[in-house]
Amino acid sequence: MPAITLPDGSVRAFEGPVTGTALAASIGPGLARAALAMEVDGALCDLSAEIATDARVRFITRKDPEALELIRHDCAHVLAEAVQALYPGTQVTIGPPIENGFYYDFHRNEPFTPEDFPAIEAKMREIVARGAPFARRVVSREEAIELFARKGERFKVELVRDLPEGEEISLYSQGEWVDLCRGPHMRSTADVGDAFKLMKVAGAYWRGKSGNPVLSRIYGTAWRDRKELDAYLTMLEEAERRDHRRIGREMGLFHLQEEATGSVFWHPRGWTLYRTVEAYMRRRLDAAGYQEVKTPQLVDRRLWEASGHWEKFRHAMFLARVEDKEEAERVYALKPMNCPCHVQIFNQGVRSYRELPLRMAEFGACHRFEPSGALHGIMRVRAFTQDDAHIFCEEHQIAAETVRFVELLSSIYRDLGFEGFRVKFSDRPEIRAGDDATWDRAEAALKEACATAGVAYELNPGEGAFYGPKLEFVLRDAIGRDWQCGTLQVDFVLPERLDATYVAEDGTRRRPVMLHRAILGSFERFLGILIEQHAGRFPLWLAPVQVVVATIVDDAAPFAEQAAAALRAAGLRVETDLRNEKINRKVVDHIEARVPVLAVVGRREAEEGSLVLRRLPGRAQEALPLAEAVGRLAEEGRAPDLARAPVAAE
RNA sequence: GCCGACGUAGCACAGCGGUAGUGCAACCGAUUCGUAAUCGGUAGGUCGCGAGUUCGAUUCUCGCCGUCGGCACCA
């Protein structure tokens, strides 16, 4: 006699078990038509499922956010059926919903190409139009294995075999076609609708393991209606326009070339942006009690052996040796990270607990031989500069230092235009240094610190560094890819390996804890994200060229030069455009170059000693006397930390 | 590293078994024109690199390098 509580609080009682379909029908014909699935006591399930006991039930319709996931999941099934219909012999594996869509991994001797998409999509539309109901069937493990083995689906057989003992094994069929699936699904393939599109093909390892066979993955996107799909596709196009590689070229910020794969050639404007961010970071670190250092680029392998990096990362280190006979046996490595070097500085002399926490910062140039497939513009490179720092502290100081760090990071991200970021907590990986007791302490300390700092995180199991757990601060690029930028890592291992000690209050020698931390991560990656975040239209303080003084007639050139000089004297980055071009043309050119302020000088301004300012790409103009324009722009162009600081006495 | 695609002038692209074009940019000239592209002219490419097939390769084949999309990796 189930009593069913609906979201409005009303309760309906039934004589016996009732299906979602029947329940919806009992409420009303509108709901019966609209319901795609239901949530029973918080768990999403098929409409055809029977409710036998008292429960709270909520129906999912196309309007609910949960519908998206159902549509995408069902669409993946439709894709798989279409592919098997068109390409016999193709084996199916898995096909989950993902952000913005779904994918399905197939095993086929010949990989798919985008040219196959029209045929596959047409077949998918047929399957949707046919509208075969999704039917769920629970089977025994033996039955499932037998079924898939008979079909020659060896990947499915492997999946079934590996399902944990006691787990219910369910099959979903849509007409003739059957897949192993946990569900839930909507009523029929017709519910998928027509707002889907196949996007790209890619290789992917079976079960994500690089030793396994490569499967052919087809990615698709799916939405509740055409309008949502179109909006998504438009968004992607816009995102492509703000790709940092494209903007980097258009704005003349940097370039990359074969002879230095994975290293950035910074051009004057790009380097100006870099220096502006670097100078800002240096001020923030100075103010936050960090001491900046600089450590060697080439370091004998012995230090990397001692730190443990040699064993784990040798394959990814650039090695150097010289031809000199005496030295020929000596192997140096370009430093892949700064921490061992910082410990060397810490280890000079005898440290006291009074010096802790000791915050040692370096804009450290590092080199790592990243796998070729990992390279991505300036966001994943082989030569990069970290805004690295190590905080040597006592264990009881971890929480307070974490709080300070998160505050600093949040403030810096905000200044640079990022309002939101995500935090991941990565705990011990399978291959690691240090014993379990040490890891227990490190993880507990970091968790406690998060609680104290009020940091909400998602767990990222097994993804910690080999020497300790870490927090990752993740920013998102223009097309929705996540990039780890900031990080905070608790390390009890390196101080041990490199024998770092300090004299504690009671006179004993102790090991400091090391907190590895970065805010930008690397300048290269962060600038890439910064470029995308602002689509190259930086706030005035960051813009490589802040003001262009453009003339309308040649007669105005001398005053334009004079105005530019006055602006430069006030600390602004200024260029002049004295070309023999119409002002219309100059406006267009500087909008395209993403210059934030255009100062126009015609005969009138030259005579009056004024500037007409226009904030590009806006249309509004404002005429100001030169001195006032200079003062105003200088004020606006100040870095946010300087703008906050009390003005020094005049 | 793995799977796939791609690599032609600074950029965006076209082309094709008979050694290459278009637009924008560049350069030269005219124009001095008040806020979203003035007009005319000129120049620019060992078609990523190397081999092979062919009478002949930018075009076909193979290898390498690089880039792009994923996967794997990311101290």
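Note that the structure is a prediction, hence the values are computed from the model and not measured. Lettering follows sequence order; numbering is per chain, from 1.
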What pairs meet the salt bridge (Lys or Arg N to Asp or Glu O under 4.0 Å) rule with one or both residues in residues 371-387 of chain A, with sequence neighbours excluded?
A:Glu370-A:Arg380
Between B:C73 atom P and A:Asn212 atom CG, what is the distance in whole Å?
12 Å
Return the set of residues passing side-chain hydrogen bond (donor to acceptor under 3.5 Å, both in side chains) with A:Gln344 (not counting sequence neighbours), or none when no residue passes.
none
Return the set of residues passing side-chain hydrogen bond (donor to acceptor under 3.5 Å, both in side chains) with A:Arg72 (not counting sequence neighbours), or none when no residue passes.
none
Using atom C1' in both nucleotides, what's the gap between B:G70 and B:C13 to the nearest angstrom?
26 Å
A:Leu198 has an atom CG; how far is it from atom C1' of B:G70, in whole Å?
15 Å
Please enumerate all protein N or O atoms sitting under 3.5 Å from an N or O of nucleotides 3-6 of chain B, with distances to 0.1 Å.
| residue | atom | partner | partner atom | Å |
| --- | --- | --- | --- | --- |
| B:C3 | O2 | A:Gly203 | N | 3.2 |

Ion pair check, A:Glu532 and A:Arg481, cut-off under 4.0 Å:
no
Quick one: label A:Arg246 by what it contacts on the DNA or RNA (base, sugar-phosphate, nothing), any heavy atom closer than 4.0 Å.
nothing
So A:Ser372, base contact, sugar-phosphate only, or nothing? Heavy-atom distance under 4.0 Å.
base
Grab the CD-P distance between A:Glu259 and B:C49 for me, whole Å please.
12 Å
Of A:Arg525 and A:His376, the one whose closest nucleotide on RNA chain B sits nearer the 5' end is A:His376
Determine the Euclidean distance between corresponding C1' atoms of B:G21 and B:U38; express it in Å to zero decimal places.
26 Å
Do A:Arg207 and B:C71 share a donor-acceptor pair, side chain to base, under 3.5 Å?
no
Starting from Watson-Crick (N1-N3 plus N6-O4 or O6-N4) and G-U wobble pairs under 3.5 Å, report the runs of at least three that RNA chain B belongs to.
B:1-7 with B:65-71, B:10-13 with B:21-24, B:26-30 with B:38-42, B:48-52 with B:60-64
Within a 6.0 Å radius of atom CD1 on A:Ile431, are there more than 12 heavy atoms belonging to other residues, nucleotides or ligands?
no
Does a salt bridge link A:Arg632 with A:Glu636, judged by any charged N lying under 4.0 Å from a carboxylate O?
no
ring-ring contact (aromatic ring centres under 6.0 Å, His included) partners for A:His342, two or more places apart:
A:His390
Quote, to the nearest angstrom, the C1' distance that separates B:G44 from B:C62.
33 Å
Strictly by salt bridge (Lys or Arg N to Asp or Glu O under 4.0 Å), give each pair with a member in residues 543-560 of chain A just once, sequence neighbours left out.
A:Asp555-A:Arg603
Residues passing the ring-ring contact (aromatic ring centres under 6.0 Å, His included) test with A:His309, sequence neighbours excluded, are A:Phe466
Integer angstrom distance from the C1' of B:U61 to that of B:A57:
11 Å
May I ask you to say what A:Gly211 touches in the nucleic acid, namely base, sugar-phosphate or nothing, with a heavy-atom cut-off under 4.0 Å?
nothing
Are any of A:Lys200's side-chain N or O atoms less than 4.0 Å away from OP1 or OP2 of B:G69?
no
Under 4.0 angstrom, heavy atoms only, what part of the nucleic acid is A:Ala374 near: base, sugar-phosphate, or nothing?
base
Which whole number of Å gives the distance between the C1' atom of B:U19 and that of B:C3?
36 Å
Out of A:Leu540, A:Leu616, A:Val574, which one pairs with A:Val597 under the side-chain contact (heavy atoms from CB on, under 4.5 Å) rule?
A:Leu540
With sugar-phosphate meaning primed atoms plus P, OP1 and OP2, does A:Ala316 contact a base, only sugar-phosphate, or nothing at under 4.0 Å between heavy atoms?
base
Starting at CE of A:Met514 and ending at C1' of B:A75, how long is that distance when rounded to a whole Å?
12 Å
Using the rule side-chain contact (heavy atoms from CB on, under 4.5 Å), only one of A:Ile591, A:Asp577, A:Val600 pairs with A:Lys586; which is it?
A:Asp577
So which protein N/O to nucleotides 7-13 of chain B N/O distances come out below 3.5 Å?
| residue | atom | partner | partner atom | Å |
| --- | --- | --- | --- | --- |
| B:C11 | O3' | A:Arg249 | NE | 3.4 |
| B:A12 | OP1 | A:Arg249 | NH2 | 3.3 |

Which whole number of Å gives the distance between the C1' atom of B:G63 and that of B:C71?
25 Å
Students often get this wrong, so: under 4.0 angstrom with heavy atoms, is A:Tyr103 touching a base, only sugar-phosphate, or nothing?
nothing
Looking at A:Asp499 and A:Arg511, is any side-chain nitrogen of the basic one under 4.0 Å from a carboxylate oxygen of the acidic one?
yes
Between protein and nucleotides 32-37 of chain B, map the contacts as a letter string: B base, S sugar-phosphate only, - none, heavy atoms under 4.0 Å, written 5' to 3'.
BBBBBB
Side-chain donor/acceptor of A:Tyr205 to base of B:G70, under 3.5 Å:
no
Are A:Arg207 and A:Asp105 ion-paired here, with the side-chain N under 4.0 Å from a carboxylate O?
no
Is there a side-chain contact between A:Glu607 and A:Arg604 in this structure, where contact means two heavy atoms from C-beta onward sitting under 4.5 Å apart?
no
Sticking with atom P, work out how far B:G50 lies from B:A43, rounded to a whole angstrom.
28 Å
Please name all residues satisfying ring-ring contact (aromatic ring centres under 6.0 Å, His included) with A:Phe254, sequence neighbours left out, ordered by chain then number.
A:Trp266
Salt bridge (Lys or Arg N to Asp or Glu O under 4.0 Å) against A:Glu153, all qualifying residues, sequence neighbours excluded:
none
B:C2 versus B:A12 - spacing of their C1' atoms, nearest Å
32 Å
In whole angstrom, what separates A:Lys209's NZ from B:C73's C1'?
14 Å
Just to be sure I understand the rule, does A:Gly208 reach a base, reach only the sugar-phosphate, or reach nothing, if contact means heavy atoms closer than 4.0 Å?
sugar-phosphate
Describe the nucleic acid contact of A:Lys335 in one word from base, sugar-phosphate, nothing, applying a heavy-atom distance below 4.0 Å.
nothing
